[in-house]
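This report refers to the structure that appears directly beneath it.
Below, each value reflects all heavy atoms present in this structure, side chains not excepted, and no hydrogens, waters or symmetry copies.
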Amino acid sequence: MKRLFKTVCLSLCLLLCASCGSSQTVDGDALLKEKGNPEMIQFSEMKDGEQIAVIETNYGDIKLRFFPENAPKAVENFLTLAQEGYYDDTIFHRVIADFMIQGGDPTGTGYGGESKWGEPFSNEVSLNLFHFYGALSMANSGGTNSNGSQFFIVQNHSVEENILSQMETGGWPKDAVEQYRKVGGTYWLDMKHTVFGQVFEGMDTVEKIAKVKTNASDKPAEDVVIRKVTVSEYKK
């Protein structure tokens, strides 16, 4: 019961601090129940020429890879905003240890920001992308058409075995459950938020940020600054 209460509270925190939008939630049950197992593309070997981004912070760098074939709108949105300098000199405005770190709001309040199109865009969910440890995902207000500029990086390390057992019988693909067993993550956000990238280097920086002191609103007591986001191509 305590675990369920924590899960619900954390999920609500993420939704409430994102930009306002539709109150209709995404129904991902049908997708989860599809036959077959996902490709573990979030942890696949990287190839030369892949687009990557480096988030430079006052705590270190975070390097991201992207999955445009599975989440084309979210990837285009993030990369375009990054190249335009939209995220430069902003902050991670919400940090919850053992959950996630959230940024992408130029107002620093959790209620601002907009997409590259100037209006919210819809969720993109895929059986190939899950909220594993290190996943990059879109923050939204819980609606199907409420993504803007805000994003978060999953920092939860583990999933309890009894929860994993429930996931196995609740529709999650076997390979996804095994990956959650290995690395952890925020499984309760699957099919409700758009995973569009993965940290491939710099989780030590994410861990440092997750440990900062925060106030009652989960905002860091001292700013965690995104100095710059640089887009380039991966080279081995």
Side-chain angles (χ1 to χ4, degrees), residues 3-4 6-11 13-15 18 28 32 37-46 50 52-55 57 59-67 70-71 74-75 78 92 94-104 124-140 150-168 170 172-212 214 218 220 224 226 234:
R3 174 69 182 184
L4 177 60
K6 179 182 178 183
T7 296
V8 172
C9 287
L10 291 177
S11 186
C13 284
L14 181 64
L15 298 177
L32 279 174
N37 286 318
E39 300 175 25
M40 291 292 99
I41 59 175
Q42 285 166 261
F43 302 95
S44 62
E45 183 178 356
M46 296 186 66
E50 278 190 46
I52 62 171
V54 179
I55 300 177
T57 82
Y59 280 78
D61 294 348
I62 303 170
K63 297 184 179 181
L64 305 165
R65 66 183 303 191
F66 301 94
F67 308 104
N70 292 271
V75 172
F78 182 92
F92 279 101
R94 197 166 185 83
V95 172
I96 304 177
D98 300 319
F99 182 25
M100 58 89 211
I101 64 173
Q102 184 173 340
E124 299 166 294
V125 294
S126 167
L127 270 179
N128 291 325
L129 297 172
F130 291 82
H131 288 84
F132 301 127
Y133 177 71
L136 173 68
S137 186
M138 293 298 301
N140 61 42
Q150 293 188 45
F151 60 87
F152 64 95
I153 298 172
V154 176
Q155 187 262 332
N156 190 47
H157 299 96
S158 62
V159 180
E160 295 176 2
E161 194 60 38
N162 66 317
I163 298 295
L164 291 166
S165 297
Q166 293 176 36
M167 291 168 66
E168 289 176 346
W172 269 263
K174 181 179 179 181
D175 287 353
V177 174
E178 286 304 312
Q179 196 65 38
Y180 273 117
R181 181 174 279 114
K182 291 178 182 178
V183 303
T186 55
Y187 61 91
W188 61 89
L189 299 179
D190 288 342
M191 309 303 145
K192 295 178 176 64
H193 293 262
T194 300
V195 176
F196 65 101
Q198 181 75 28
V199 176
F200 69 89
E201 188 177 321
M203 281 305 293
D204 56 331
T205 298
V206 175
E207 291 296 335
K208 290 178 186 176
I209 295 172
K211 294 176 182 177
V212 303
T214 58
D218 300 313
V224 178
I226 296 175
Y234 176 76

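- Listed here is the closest heavy atom pair of V95 and I209: CG1-O, 3.4 Å.
- Atoms CD and OH, on E160 and Y187 in that order, are 7.5 Å from each other to the nearest 0.5 Å.
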**OP:** Go through the steps for F92 and T57 under the test side chain to side chain contact (heavy atoms under 4.5 Å, CB included), then give the verdict.
**Re:** CA-CA 9 Å; F92 279 101; T57 82; 4.1 Å; yes
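- We find the CG-CD1 distance between D218 and I101 to be 13.5 Å, quoted to the nearest 0.5 Å.
- Between the H193 side chain and the M138 main chain, a donor and an acceptor come within less than 3.5 Å of each other.
- S137 contributes a side-chain N or O that, together with a main-chain N or O of T194, makes up a donor-acceptor pair within less than 3.5 Å.
- With rounding to the nearest 0.5 Å, the separation of CZ in F152 from CZ in R94 is 12.5 Å.
- Proximity of E207 to Q155: side-chain heavy atoms (C-beta onward) are separated by under 4.5 Å at one or more points.
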**OP:** Show your working on side chain to side chain contact (heavy atoms under 4.5 Å, CB included) between R181 and V159 and close with a plain yes or no.
**Re:** CA-CA 6 Å; R181 181 174 279 114; V159 180; over 6 Å; no
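- Side-chain atoms of Q42 come within 3.5 Å of backbone atoms of F130 as a donor-acceptor pair (strictly under, hydrogens ignored).
- Within the 4.5 Å cutoff, side-chain heavy atoms of V195 are placed close to those of H131.
- Of all non-hydrogen atoms in A139 and Q102, the two that sit nearest each other are CB-NE2, 3.4 Å.
- In this structure, the separation between CG on N156 and CD1 on I96 is 11.0 Å, given to the nearest 0.5 Å.
- For the pair E50 (side chain) and R65 (backbone), a donor-acceptor distance under 3.5 Å is absent.
- Considering every non-hydrogen atom in both A210 and A97, the closest pair reads O-CB, 3.5 Å.
- Between F43 and V183, the closest side-chain pair of non-hydrogen atoms falls below 4.5 Å.
- Proximity of a side-chain donor or acceptor of Q179 to a complementary backbone N or O of G184 within less than 3.5 Å is not detected.
- Here OH of Y59 is found 11.0 Å from OG1 of T205. Values are rounded to the nearest 0.5 Å.
- Taking the side chain as every heavy atom from C-beta outward, I52 and F200 approach each other to under 4.5 Å.
- One distance of note links CZ of F67 with CZ of F196; it measures 10.5 Å at 0.5 Å rounding.
- Panel note: side chain S165, backbone E161; a donor-acceptor pair is recorded below 3.5 Å.
- Looking only at side-chain heavy atoms (C-beta outward), F151 and L64 stay at 4.5 Å or farther from each other.
- The shortest side-chain heavy-atom distance between F132 and V154 does not fall under the 4.5 Å cut-off.
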